[in-house]
Trainee: 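If you scroll down you'll find the structure; I have some questions about it.
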Amino acid sequence: MANAILARPDMAHLTLEYFALLRDEAGCACEEIETAALSLDALYEELKTRHNFTLPASRLRVAVNAAFARWDHSPTDGDHVVFIPPVSGG
Amino acid sequence: MANAILARPDMAHLTLEYFALLRDEAGCACEEIETAALSLDALYEELKTRHNFTLPASRLRVAVNAAFARWDHSPTDGDHVVFIPPVSGG
Amino acid sequence: MSTFLLTEDPIDPAAFTLALRRDEAGGYCSFEGWVRNHSDGQAVLGLDYQAYLPLAETEALAVLSEAETRFDILAASCIHRIGTLAIGDMAVWIGVSAPHRDAAFTACRFVIDEIKRRVPIWKRERYASGHSEWIACHEIMDGS
Amino acid sequence: MSTFLLTEDPIDPAAFTLALRRDEAGGYCSFEGWVRNHSDGQAVLGLDYQAYLPLAETEALAVLSEAETRFDILAASCIHRIGTLAIGDMAVWIGVSAPHRDAAFTACRFVIDEIKRRVPIWKRERYASGHSEWIACHEIMDGS
């Protein structure tokens, strides 16, 4: 139980959806993951390593459950997370 | 013949077309006149008196044969003259 | 390149818009003037437009041609209606195609502003009060 | 008041334009983005658009609502296409009605600029060279 304080034993189950360059680099539009990441920032670094994403977090925004979120937000079990590459609509 | 120098014996036959307020005040869209006026400026003063036009020449432009003209232009026999009230298209 | 039409019929810009299409065009801006039900606090029933046709055509084409010279656009056209118009009727249509949106917007705005300023077309407002009045938008222009 | 539509079908603004009509409206400005055959000197064959639908809808409606608050307009709407587009296809349409033309132009320009800046829609350009590339228009936004 001392571990709980350091490592967060309750892994969060998340749905990730990818768009544009991130989708190409991840090789999928959607994936479900278990993560111990305590922030969206940490989550992106985890995924960046796994998928070799080329975009730094500084060029992205992030949304949780279809609303923009802060990078220090802590993802919760069941969250739907989308990292938003630079947009180019119009 | 001495009169010719002072009064221009050759009267010009002109077609006048009126628009907007000038048409309403003249009571006609078009008229043919004979004039001895030596400039469009003088012609307008002549017509202003005849039709009780309320617009001063300073608020008008003038066109001869479908092209904008100068007020000191001398109308020639056969000319088609239009005085242009302030426009308001669009 | 540019087309100007004065018409007594309801304006239908479809064919004109189509003629502005270019493979190099990335932006298209259009403006429509509609007859609105009020003017300077007075209730308006409708408008009557008159135009001095030959000079209006020359002058409007000059405006369109100036727009094509001054701005990085591909084509610009304008249709102006004359006669008796009711509330909601389209009085004027302008369309501009350009490689990029900035020039499309700027040129479209330029064309409607210049059309209003210098093309010999006149508008009479018919008020609910029964009164009607020719509207004057320009004041003295230049020496000519 | 304002409507936003994301669609995989060709854009048809007719019904949307009709819904912007008001008896108090004297000016209507619209903008269309068309797929053009070049970009930064490269020949373009077409575009692919992706959108994060729920957030794109929320954010585009926020842009339209901001336009209605900031400018003296009556209504503003936008349609954005997604999927695979060819040269000449309409990628985006914006329409704004207002009592006077100045607000119509300003608000229409505001909407397209903000849509491009912050709505989660992405464009990939397919080049004649065979290469294709996701285009980045925004850089860092704010802290969020």
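Reckoned from all heavy atoms, side chains included, excluding hydrogens, waters and symmetry mates. The sequence lines fix the lettering, A, B, ..., with proteins before strands; numbering per chain opens at 1. All of these numbers come straight from a predicted model, not from anything done at the bench.
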Trainee: Which bit of W122(D) is near chain A, if near means a heavy-atom gap under 4.5 Å: side chain, backbone, both or neither?
Mentor: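 Both backbone and side chain.
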Trainee: For D72(A), which atoms come within 4.5 Å of any heavy atom of chain D: side chain, backbone, both, or neither?
Mentor: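 No part of D72(A) comes within 4.5 Å of chain D.
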Trainee: Is E57(D) in contact with chain A via its backbone, its side chain, both, or neither, using a 4.5 Å heavy-atom distance?
Mentor: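 Looking at E57(D), nothing touches chain A.
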Trainee: Please flag which part of I135(D) lies under 4.5 Å from any non-hydrogen atom of chain A: side chain, backbone, both or neither.
Mentor: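 For I135(D), backbone and side chain are both near chain A.
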Trainee: Checking L21(A) against R124(D) for the side-chain contact (heavy atoms from CB on, under 4.5 Å) test, could you report, in this order, the C-alpha distance in whole Å, the side-chain angles of both residues, the deciding distance, and whether it holds?
Mentor: CA-CA 9 Å; L21(A) 185 58; R124(D) 176 168 48 196; over 6 Å; no
Trainee: Under the salt bridge (Lys or Arg N to Asp or Glu O under 4.0 Å) test, which residues partner R21(D), sequence neighbours left out?
Mentor: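 So R21(D) forms no salt bridge (Lys or Arg N to Asp or Glu O under 4.0 Å) with any residue.
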Trainee: With a 4.5 Å heavy-atom cut-off (strictly below), which parts of residues 44-56 of chain D touch chain A? List them by number.
Mentor: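 The list, in residue order, reads Y49(D), Q50(D), A51(D), Y52(D), P54(D), L55(D).
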Trainee: Which atom pair, heavy atoms only, marks the closest approach of S88(A) to K123(D)?
Mentor: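 Taking every non-hydrogen atom into account, OG-N, 2.9 Å.
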Trainee: When you measure from the side chain of H80(D) to the backbone N and O of G89(A), does any donor-acceptor pair fall under 3.5 Å?
Mentor: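 Answer holds: no.
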Trainee: Among C78(D), P120(D), G33(D), who wins on heavy-atom pairs under 4.5 Å with chain A?
Mentor: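 The answer is P120(D).
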Trainee: Is A66(A) in contact with chain D via its backbone, its side chain, both, or neither, using a 4.5 Å heavy-atom distance?
Mentor: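 Both backbone and side chain.
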